[in-house]
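Notes follow once the structure below has been shown.
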Amino acid sequence: MKFKLLAVFLLISGYLKAQNLNIIPQPRSVVNGTGQFNFNNHATVGVNDTSLTSLAVYFQKEIVKAKGLSIAVANSDSVSLIKLQLLKTQQIPGAYSLKIAPDRITISSSNKEGIFYGLVSLLQIIKGQPQGDGTGITLASAEITDAPRYQWRGLMLDEARHFFGKQKVKQILDQMAYYKLNKFHWHLTDVQGWRIEIKKYPKLAFEGGMGDYSDTTRNAQPKYYTQNDIREIVAYAAQRFITVIPEIDMPGHATAANRAYPEYSGGSVAGFPNFTFNPANEKTYQYLGDIIRETSAMFPSKMMHLGGDEVVLGVKAWSLDTTIARMMQKKNFADVGELERYFFKRMTDTVTSLGSKILAWDEAAPTDMPADKTIIFWWRQNLPGQLSLALQKGYQVVLCPRLPFYLDFVQDASQVSGRKWNGQFNPVTDLYNFPEKQLSPQTISAPNILGVQANIWTEKIASEKRLDFVLFPRIAGLAEAGWTAPEVKNELNFTQRLQAGFKNWDAEGIYYFNPFDITAHPEAIDFAPRIIERPVRAERHGRRHSEKRSHSKGEKKGHKASKKSKSSGSSHRSSSKSQKSKGHKKRK
C-alpha cells in the first residue's frame, strides 16, 4: 500500500513539475527531458516546406514583441536550430508535437494548423521564462504531444449593441490565437445597429448603423465595417487559423435594418418597433437574399448564422398584422410558428444554394433543415430537450449554454454589473470544468457535437476596458474547455498556470478580473446599477452592506422575467427593454 501511495505521489509530483511550462490550454502529454536549449539572437527558424514560411515569419515577429529577440527565417531546416516540419502522416487538424532538446527545437505536424499551434505553445513557454541578461532565454528540455479535443473552439462578439472597431477586434483575434481558439462568430446586426456595408442597400450602414445601445438618437454617427474592413479582418484571422462567421439576424432583431428600409418591416408591438421582417411581402425574400449573397462573398468560411429565434416565442407583431394573417390563411398555416418555419426555410435555402452551411440558435432545431448543412447553437441550458432534439435530428451542435458561456454574466458574487441566472454566475472555473460537470457522458460523447463557444453580448459593455474585464480570465477557461482532454484536467494546476500568465496581460495593458485578488483590478462598470437604500433596521441583522450592492430595479425585473423564461424557453439576447418584457429577452 505504501508503494502504491508513493507511486501516486511521484506521478502527481512529476505531472505538476511538467506543468512549469505554463501552457494554456493544457497539452495532452508533457514529458520533461534533460539539459537546456539556449534561445537567443543566433537562432534561425527553418522549414521543410515553403508553405510554412509565413508561420515562421509570424513567430519571428511575435518573439520580437515578446522578448525583443531578433531571429532569422530560412527556407530550409537543414542548419536551423528551430525546425518546422510538415509530415506526410495523418493527424487531426491542430495536432502537433514539440520537442525541446539541448541542440534544437522541432515542431512537427501533418497540417499547417498544427505547426501554428506548436509555435504558439513554444511562444507561451518563452514568454514564461525570465529574460536573463537580455541576450537569450534558457528553455528546459521537454517533449510535448498535443491535439485539440474539439474542432469548434469559438468566441462570439456582439458589435450590434456596441461597436468596438478594427483594432480591438484584431486584439481579440490575437488573444484567441494565443489560446488556440479557432472560430470567431461576429454578431453584426440587431435592434440597435447594423454594422456591415451592403453596397446594394447602402442605407443599411448609413442609417441602420447610427448609434448603439447607449446612444439611440437619430443624428448619432453611423458605426459600421466597410467591405474592405471586413476582408482585412477576415484575412488577419485566417493568418491565425481563425474562421470568421457572420451573423445576419432574421426574422427578428431587425429594427436597425427596418429603420433604413421600413418597407420590409413586419410590424411593431409596444416596446419593440419594427422588430421583424415581413414574411407576407414577397420582396422581403429578394431583399434578404441579396444581403445574404453579398455578405457571403466577404466571408470564405462558407457558414452564415441567421439567428432564427424569438419571433414566435417573443415579439408577437406577426399575430397582429392583417396582411400576414391573409397569407397564413392562403397557405393553410396552422399558426405563426409554421409561418416562421416557412420564412426560415426559404432563407436557409438561399444560404445552402451558395454552398454554405446554415447556423442558427436552438429555437430553429424543430425547423426542417438539411442535417448535413446545419449547425445548431444550444444556448438554453434550462431546456436540455432542445439539445437532445438537435442531436436526434442529426444536426451538428455547438455547445454555448448561458451557464457557463455567457460572458456578460458576472464572474464573482462581489460584482454588481452584469446578470445572473437565478443567483448563479459564470466564474472562470465553471468554463474550465465544462462539459463534464454539466452534461451526461452519453451527451458528451455524441459524435455530432462540434465543440464549445462563449458569447459576449454587449448591451452593458460599452468600453474596451469593460470588454477586457468580462473576457479575461475567462478566455483561458474557454480554451481549456475546447482543447484539453478531460483525463489530463486538474483544476488546481489550471489556476496555477492562469496566475502565472497574468504578467502577460499586464504587459499588454489588458484590464482583467483577478479571481484570486478581487481588489487588484476593481470592477470596470459601464452601466452602474441603481443602489437601493434599505431601512436602517437592516443594519441590526448585518445585511445593510450586502443589500446596498443589490441589483437595480430593472435588473430585478429582468431576474423575474428570467424565471418565467426558464419555463417558457424564450430568453437569450436581451436589450434593456426586453429584460423587462414578459416574453422577449433574447439569447441571454
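This is a predicted model, so every value here is computed, not measured.
- Between Arg346 and Glu340, none of the side-chain N atoms (NZ, or NE/NH1/NH2) sits under 4.0 Å from a carboxylate O, so this pair counts as no salt bridge.
- Counting heavy-atom neighbours within 6.0 Å of Asp368 CG, excluding the residue itself, gives a total of 12 or less.
- Trp152 has its ring centre less than 6.0 Å from the ring centre of Phe377.
- Residues Phe116 and Tyr58 place their aromatic rings such that the two centres sit under 6.0 Å apart.
- A search for salt bridge (charged side-chain N to carboxylate O under 4.0 Å, His left out) contacts involving Glu294 returns nothing, not counting sequence neighbours.
- With rounding to the nearest 0.5 angstrom, the OG1 atom of Thr189 is 9.5 Å from the CG atom of Asp158.
- When side chains are defined from C-beta on, Val234 does not count as touching Arg231, because their heavy atoms never get closer than 4.5 Å.
- Remark: of the listed residues Ile144, Asp146, Thr145, Ile115, Ile144 is the sole one forming a side chain to side chain contact (heavy atoms under 4.5 Å, CB included) with Leu98.
- For Thr374 (side chain) and Ala371 (main-chain N/O), no donor-acceptor pair under 3.5 Å exists by modelled atom type.
- Remark: side-chain polar atoms of Ser440 are paired, donor with acceptor, to backbone N or O of Thr443 under 3.5 angstrom.
- With sequence neighbours excluded, no residue satisfies salt bridge (charged side-chain N to carboxylate O under 4.0 Å, His left out) with Glu159.
- Interatomic distance, Ile242 CD1 to Ile233 CD1, rounded to the nearest 0.5 Å: 12.0 Å.
- Across every non-hydrogen atom of Asn493 and Gln26, the tightest pair is OD1-OE1, 3.9 Å.
- Aromatic rings of Trp361 and His185 (six-membered ring for Trp) have centroids within the 6.0 Å cut-off, being under it.
- For the pair Gln171/Glu508, no side-chain contact is recorded, criterion being any heavy-atom separation below 4.5 Å from C-beta on.
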Q | Stepwise side-chain hydrogen bond (donor to acceptor under 3.5 Å, both in side chains) check, Asp412 with Ser414 | A | CA-CA 5 Å; Asp412 182 83; Ser414 66; 2.5 Å; yes
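- A donor-acceptor contact shorter than 3.5 Å is absent between the side chain of Asn455 and the backbone of Leu407.
- Summarising the geometry, atom NZ belonging to Lys127 is positioned 4.5 Å from atom CG belonging to Asn504; distances are rounded to the nearest 0.5 Å.
- Under the rule for a side-chain hydrogen bond (donor to acceptor under 3.5 Å, both in side chains), Asn514 has no partner lying at least two apart in sequence or in another chain.
- Qualifying side-chain hydrogen bond (donor to acceptor under 3.5 Å, both in side chains) partners for Ser353, counting only residues two or more places apart in sequence or in other chains: none.
- Going from atom CZ of Phe405 over to atom CG of Leu155 covers 11.0 Å, rounded to the nearest 0.5 Å.
- In this structure, Lys168 places its NZ atom where more than 12 heavy-atom neighbours from other residues, nucleotides or ligands lie under 6.0 Å away.
- Distance check, rounded to the nearest 0.5 Å: CD of Gln411 to CG of Asp430 gives 11.0 Å.
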Q. Going through the checks in order, is the side-chain hydrogen bond (donor to acceptor under 3.5 Å, both in side chains) test met by Ser121 and Lys180?
A. CA-CA 9 Å; Ser121 291; Lys180 302 184 176 78; 2.9 Å; yes
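- Shown here are the salt bridge (charged side-chain N to carboxylate O under 4.0 Å, His left out) partners of Asp349, two or more places apart in sequence or in another chain: Lys345.
- Note that Arg240 lies in the cation-pi zone of Tyr236, set by a 6.0 Å cut-off to the ring centre and a 45° limit from the axis.
- To the nearest 0.5 Å, atom CH2 of residue Trp378 and atom CD of residue Gln453 are 14.0 Å apart.
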* side-chain hydrogen bond (donor to acceptor under 3.5 Å, both in side chains) between Gln386 and Glu363: does it pass, once the steps are laid out? -> CA-CA 8 Å; Gln386 293 296 103; Glu363 288 94 330; over 6 Å; no
*asked:* If you apply the rule side-chain hydrogen bond (donor to acceptor under 3.5 Å, both in side chains), what do you find for Asn258 with Thr255, and how did you get there?
replied: CA-CA 5 Å; Asn258 289 333; Thr255 304; 5.9 Å; no
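- The aromatic ring centres of Phe275 and His253 sit less than 6.0 Å apart.
- The two residues Met176 and Ile475 come nearest to each other via the heavy atoms N-CD1, 4.3 Å.
- Remark: aromatic rings of Tyr96 and Tyr117 are distant, center separation not under 6.0 Å.
- You'll find the ring centres of Phe469 and Tyr512 outside the 6.0 Å limit.
- With ring centers used as reference points, Phe425 lies 6.0 Å or more from Phe409.
- Using bins of under 30°, 30° to 60° and over 60° for the plane-to-plane angle, the ring pair His162/Phe527 lands in the tilted bin.
- For Arg28, there are no salt bridge (charged side-chain N to carboxylate O under 4.0 Å, His left out) partners at least two apart in sequence or on another chain.
- Taking the ring centroids of Trp186 and Tyr225, they lie under the 6.0 Å cut-off.
- The nearest pair of heavy atoms linking Arg153 to Pro148 is NH1-CB, 3.4 Å.
- Cation-pi check for Lys489 over Phe494 is not met; the charged atom does not lie both under 6.0 angstrom from the ring centroid and within 45 degrees of its normal.
- The main-chain N or O of Ile24 is found under 3.5 Å from a side-chain atom of Gln124 such that the two form a donor-acceptor pair.
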